[in-house]
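A quick write-up on the structure given underneath.
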Amino acid sequence: MNSEIFNVILQWTLPPLLGAIIGYLTNDIAIKMLFRPLREIRIFGIRLPFTPGVIPRQRYVLAESIGNMVSQNLITADAIKEHVESPDFNESFGKTIERLTGSFLDTPVRGFNTPDLSFAYESFSQFLVQTLNRFFNSENFLASLDTIAGETVKNFSEKKIKDIFSQLNVREAISKYILPFISGQQLKSWLQKEIAGWVKDQMKKNTPLSTLVPPGIIDGAVAVLKSFLPNLTDAFFSWLKESPVKNEMETQGRKLLKTVLDKLNFFQRFVVTVAQYESTLNEKMPDIIEEIIDRLKQIAIDTERLDEFVQAIRSGIDQWMANGMFDLLFTEGIDVNEKIQILFDKLFDIIGSEETHQFLLASLDEILEKNEDVSLGRMAEEILGLERDKIIAIILEHMHKLVTSEKTAEILTRKIMEITSGILEKSQDVPLRELLGIQDDVKTRIDAFISKKIGVILQEKLPQIVEGFNVKQLVVNKINGLDVESVEKLLLMVIAKHLKWINVFGALLGAVIGFSQVLIKLFLP
């Protein structure tokens, strides 16, 4: 009885159980054959079927398919844009920016003194030079410069001397700043170098002097000379009457008298000796010299003579200005560098002397006193022979050359970097936040600004960014760069759990098939 029951139970349970086992095992083998064997197997040179597995054999096709799937359905511009525009991303991104800027600003200056940041100094210097150069050469800047310079010259030209200098200690300012500067070695070296280079350049072109110096400048210089001649003449003859000079003139007068007397014949010599003319003239020599100086002074200060003298000087200048630089210097056999060196040595010796300083200060006092009710524009017109518009044009021409020169941007950049380096050197242990004086509210606005700007750039440039990344090729290259075992692990990480359900479904189907067989046998005769 028991054996019959056992047989009945086996008839009902064994087919489904075997079906389930077979279904499970066949599906498990089929799944494994997707990956295994990893490489083909050959026996007697013949490759066994189904080796290697489907996936190892089709790995490159699989990589291409995965790349297409990821780039077309997962990591797309629309998907990323939707994520970037989400509140969660903006909040997280804002906090990231806040942490980054906080870490950056809390770093002491010393933390930025690393070799790998040395390029930043050079890069910033070049950027600053280019930026300043573009700014100085921009039409808007030059137009603004023209307007400001024109208005400034106009306003100053209308002011009277006494109004300008009433609140200024001109003598002190000139003594303390201007005179030391114009007689200093730095100005001397710079002028000497610049003038030597300019003269050589003009010599190559054989440029006539008349084209280098505007006629108005010459007229103004001659006018200044003419205005100073009476004072200069008076000073010159006063100098002649000083004891050392006058004594020397008396000595030379006696020598001249002796030379003249030595040329007389015996009879003439006898008459002079008897009449005691020689001793009388020697005694009267100081009075004679005094008389000669007074007569010469009367002639020199005569207005007509002064005009003739000035005209002669002007005529000589015009003849000299007609020469070319090369013809003039080559004909004279002049060593330009040597002559310029000698000229500047003597010139700056004179400029740097106390006598010159006192003379300039005294002359300035006299000019200011005589012209206190004269406007600057009128004075410039009288002295230089230039009207206000011409002065503005000359100033603007030189200012344009100065500010548009690349050297100006380089010099300004060098000064900025020197000042900045000095400040940073003294602030090595100071956090950048403290050095820049950035408060919490300012940092908050900076963080918001950076987050907003980066967000706008991401939204606007997202298609180009995604296209530039080439997500498909990135995925394909990554998968193709893996070995077969790694590809298997990568796929199993995604579908291992789901593949187990295939085994379960196989077992269920096998059990159903086995149970079906039991039912068929039951109903068949």
Side-chain angles (χ1 to χ4, degrees), residues 67 70-135 409 412-479 481-482 490 493:
V70 172
S71 63
Q72 294 176 10
N73 298 286
L74 297 181
I75 306 178
T76 63
D78 291 337
I80 297 175
K81 183 178 180 180
E82 182 179 352
H83 179 67
V84 168
E85 292 175 349
S86 67
D88 292 340
F89 174 83
N90 288 326
E91 182 180 356
S92 175
F93 184 71
K95 291 181 178 179
T96 301
I97 294 296
E98 182 180 347
R99 288 195 301 271
L100 290 175
T101 56
S103 175
F104 179 79
L105 292 174
D106 290 335
T107 302
V109 174
R110 190 183 304 280
F112 297 98
N113 297 336
T114 56
D116 55 341
L117 287 178
S118 59
F119 75 94
Y121 181 89
E122 298 179 2
S123 300
F124 181 73
S125 297
Q126 294 175 1
F127 165 77
L128 193 56
V129 169
Q130 295 172 0
T131 301
L132 290 174
N133 196 35
R134 286 195 296 268
F135 174 70
L412 187 57
T413 297
R414 186 164 58 250
K415 291 298 181 183
I416 292 174
M417 298 307 292
E418 287 176 359
I419 295 172
T420 304
S421 298
I423 295 174
L424 295 178
E425 187 65 28
K426 297 178 181 178
S427 309
Q428 290 295 299
D429 297 321
V430 178
L432 195 60
R433 182 199 301 264
E434 182 179 339
L435 181 66
L436 299 178
I438 297 178
Q439 304 298 327
D440 291 341
D441 58 334
V442 177
K443 181 183 179 300
T444 301
R445 292 199 297 270
I446 293 174
D447 295 340
F449 174 80
I450 295 175
S451 300
K452 181 179 179 180
K453 287 299 180 182
I454 295 179
V456 171
I457 293 173
L458 283 176
Q459 293 178 17
E460 292 179 350
K461 304 296 182 180
L462 202 54
Q464 295 91 324
I465 294 173
V466 175
E467 182 179 354
F469 269 113
N470 196 350
V471 176
K472 174 185 174 182
Q473 193 61 44
L474 181 66
V475 174
V476 170
N477 291 341
K478 184 61 178 178
I479 295 177
L482 298 173
L490 180 65
M493 286 173 60

So do Thr413 and Met417 actually touch side chain to side chain, heavy atoms under 4.5 Å?
yes

Rounded distance [0.5 Å steps], CG in Leu128 versus CG in Asn133
11.0 Å

Evaluate whether atom CD of Gln72 has more than 12 neighbouring non-hydrogen atoms of other residues, nucleotides or ligands under 6.0 angstrom away.
yes

Student check: side-chain heavy atoms of Val129 and Leu412 closer than 4.5 Å:
no

With a 3.5 Å distance limit and no angle check, can you tell me whether Ser92 reaches the backbone of Phe89 through a side-chain donor-acceptor pair?
no

What distance separates Ile419 CD1 from Arg414 CZ, expressed to the nearest 0.5 Å?
12.0 Å

Could you tell me the separation between the NZ atom of Lys443 and the CD atom of Gln439, rounded to the nearest 0.5 Å?
12.5 Å

Would you compute the distance between atom CD of Glu85 and atom CG of Asn90 and round it to the nearest 0.5 angstrom?
8.5 Å

Hey, does the side chain of Thr131 reach the backbone of Phe127 with a donor-acceptor pair shorter than 3.5 angstrom?
yes

side-chain contact (heavy atoms from CB on, under 4.5 Å) between Arg445 and Val442: does it pass, once the steps are laid out?
CA-CA 5 Å; Arg445 292 199 297 270; Val442 177; 3.6 Å; yes

How long is the straight-line distance from OG1 of Thr420 back to CD1 of Ile416, given to the nearest 0.5 Å?
7.0 Å

Of the non-hydrogen atoms in Gly94 and Ser451, which two are nearest, and what is the gap between them?
CA-OG, 3.8 Å

Under-4.0 Å salt bridge between Asp447 and Lys452
no

From Thr101 atom OG1 to Ile446 atom CD1, the distance as rounded to the nearest 0.5 Å:
7.5 Å

